[in-house]
K.L.:
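To start, I am sharing the structure in question, which I have written as structure tokens.
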2 protein chains.
Amino acid sequence: MTQQTQTTEAEIKVFKALADPIRLEIIRYLNQLDHEVSCGEIGQVMHISKTSGSYHFKILQEAGLITTHKVAREKYVSLDRSTVDQYLTHFWQNL
Amino acid sequence: MTQQTQTTEAEIKVFKALADPIRLEIIRYLNQLDHEVSCGEIGQVMHISKTSGSYHFKILQEAGLITTHKVAREKYVSLDRSTVDQYLTHFWQNL
DNA sequence: AATATAGTTCAAATGTTTTTGAACTATGTA
DNA sequence: TACATAGTTCAAAAACATTTGAACTATATT
């Protein structure tokens, strides 16, 4: 922490997470679907390797933009709209 | 253009621009001030070199988050709230 | 004219993010 | 048991972003 608040760090994580075309596509995809999907299915749709997928899902999760839960071998992902709402939709209130 | 739309490219520029603590501070600063300020003044407040300032202002401008105009030697900067509104406040409509 | 101030540009150095493949864990299926 | 499938982790490579100082342009002040 150099001089930023906790709030800014979470905020930066959200913006970094959204500042990538693959991750923005994932968010788009989850938004239009509106039900849970596995990492593998998303990876196929995005045409990315499973390693790369794993990396991007981690970033999205650490930003709080998705939530996940494991069912047997598979990891299911869903959009957490409240984070988008907090940092984007209510950006001015947050500043 | 690999598979993204023009809209996505502009959107990515906005998120990249906001995904940096210095630039987010600049936006914050401009927002609370609500009048034009010179690059130099902002640079002093942020404790950054003029070269670094020049770099960050370029990124913010290319994202459409600030507008600038030169008066003699000085470059004045002001916040373009409509870009924030388009990409953040109305994020869901934009997707 | 000489000097100072505001900002830009450039290339090099440094730092951070993303991709890759190989090796791994855990679960499912024959 | 053997093999397949879903996902993770690791370290190296590649790509990209940021900072730095020096040299520059343009305007202002003495």
Side-chain angles (χ1 to χ4, degrees), chain A residues 1-4 8-27 29-30 35-78, chain B residues 1-4 8-27 29-30 35-78:
Chain A
M1 209 177 305
T2 43
Q3 79 192 120
Q4 310 301 325
T8 301
E9 298 188 13
E11 207 177 10
I12 292 284
K13 270 197 184 178
V14 169
F15 288 128
K16 283 197 175 170
L18 294 170
D20 174 276
I22 291 175
R23 293 191 296 261
L24 204 48
E25 270 300 310
I26 293 173
I27 296 293
Y29 184 71
L30 291 172
H35 64 77
E36 287 196 332
V37 215
S38 71
C39 290
E41 180 181 330
I42 302 174
Q44 280 181 262
V45 174
M46 305 294 147
H47 304 102
I48 54 175
S49 68
K50 62 190 179 152
T51 314
S52 174
S54 199
Y55 170 71
H56 288 297
F57 290 122
K58 195 173 117 206
I59 299 237
L60 288 169
Q61 185 169 5
E62 284 174 358
L65 289 164
I66 60 173
T67 56
T68 63
H69 74 279
K70 242 187 160 175
V71 174
R73 282 186 304 188
E74 292 167 37
K75 187 173 162 185
Y76 288 93
V77 171
S78 53
Chain B
M1 211 177 301
T2 44
Q3 80 192 117
Q4 310 301 325
T8 302
E9 299 189 10
E11 208 176 8
I12 293 284
K13 272 196 184 179
V14 169
F15 288 128
K16 282 197 174 168
L18 294 171
D20 174 275
I22 291 175
R23 293 191 297 262
L24 204 49
E25 270 298 311
I26 293 172
I27 296 292
Y29 184 70
L30 292 172
H35 65 77
E36 287 195 333
V37 215
S38 71
C39 290
E41 180 181 332
I42 302 173
Q44 279 182 264
V45 175
M46 303 297 145
H47 303 102
I48 54 176
S49 68
K50 60 191 181 156
T51 314
S52 174
S54 200
Y55 169 71
H56 288 298
F57 291 123
K58 194 173 118 208
I59 300 237
L60 288 169
Q61 185 168 5
E62 284 174 0
L65 289 164
I66 58 173
T67 56
T68 63
H69 75 279
K70 244 190 157 173
V71 174
R73 282 186 304 189
E74 291 168 38
K75 186 173 161 186
Y76 287 92
V77 171
S78 53

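Here is the naming used below: chain letters follow the sequence lines, and residue numbers restart at 1 for every chain. FYI, side chains are in, hydrogens and waters are out, and symmetry mates aren't considered; it's all heavy atoms of this structure.
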K.L.:
Whether S54(A) contacts dG7(D) is assessed here as follows: a side-chain N or O lying under 4.0 Å from the phosphate OP1 or OP2. Is that the case?
P.N.:
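Answer no for this pair, as no side-chain N or O of S54(A) is under 4.0 Å from OP1 or OP2.
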K.L.:
What are the two closest non-hydrogen atoms of I22(A) and M46(A), and how far apart are they?
P.N.:
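Shortest heavy-atom separation between I22(A) and M46(A) comes out as O-SD, 4.4 Å.
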K.L.:
Within a radius of less than 6.0 Å around CD of E62(A), do more than 12 heavy atoms belonging to other residues, nucleotides or ligands occur?
P.N.:
yes
K.L.:
Through what angle, rounded to 10 degrees, does the axis of the helix from dA1(C)-dT30(D) to dA30(C)-dT1(D) turn between its ends, using five pairs per end?
P.N.:
10°
K.L.:
Please report the C-alpha distance between R23(B) and Y55(B) in whole Å, then the side-chain angles of each, then the deciding distance to 0.1 Å, and finally whether the side-chain contact (heavy atoms from CB on, under 4.5 Å) criterion is met.
P.N.:
CA-CA 10 Å; R23(B) 293 191 297 262; Y55(B) 169 71; 4.3 Å; yes
K.L.:
With a 4.5 Å limit on heavy-atom distance, are the side chains of L18(A) and L18(B) in contact?
P.N.:
no
K.L.:
Should H56(A) be listed as having a side-chain N or O under 4.0 Å from OP1 or OP2 of dT17(C)?
P.N.:
no
K.L.:
For T68(A), run the side chain to side chain donor-acceptor pair (under 3.5 Å) check against E36(A), K58(A), K75(A), Q61(A) and tell me which one passes.
P.N.:
Q61(A)
K.L.:
Specify the separation, in whole Å, of atom OH of Y76(B) and atom P of dT27(D).
P.N.:
15 Å
K.L.:
Below 4.5 Å, heavy atoms only, C-beta onward: do S52(A) and H56(A) meet side chain to side chain?
P.N.:
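A side-chain contact under 4.5 Å exists here.
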K.L.:
I need the minimum non-hydrogen distance between I12(B) and A19(A), along with the two atoms involved.
P.N.:
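I12(B) and A19(A) have their closest heavy atoms at CD1-C, 4.1 Å.
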K.L.:
Is there a residue in residues 57-69 of chain A whose heavy atoms reach under 4.0 Å of DNA chain D, and which residues are they?
P.N.:
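Those residues whose heavy atoms fall under 4.0 Å from DNA chain D, taken from residues 57-69 of chain A, amount to none.
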K.L.:
Strictly under 4.0 angstrom, non-hydrogen atoms only: write out the protein contact profile of nucleotides 21-30 of chain C, one letter per nucleotide from the 5' end, B, S or -.
P.N.:
BB----BS--
K.L.:
Rounded to the nearest angstrom, tell me the gap between atom NZ in K13(B) and atom P in dC16(D).
P.N.:
15 Å
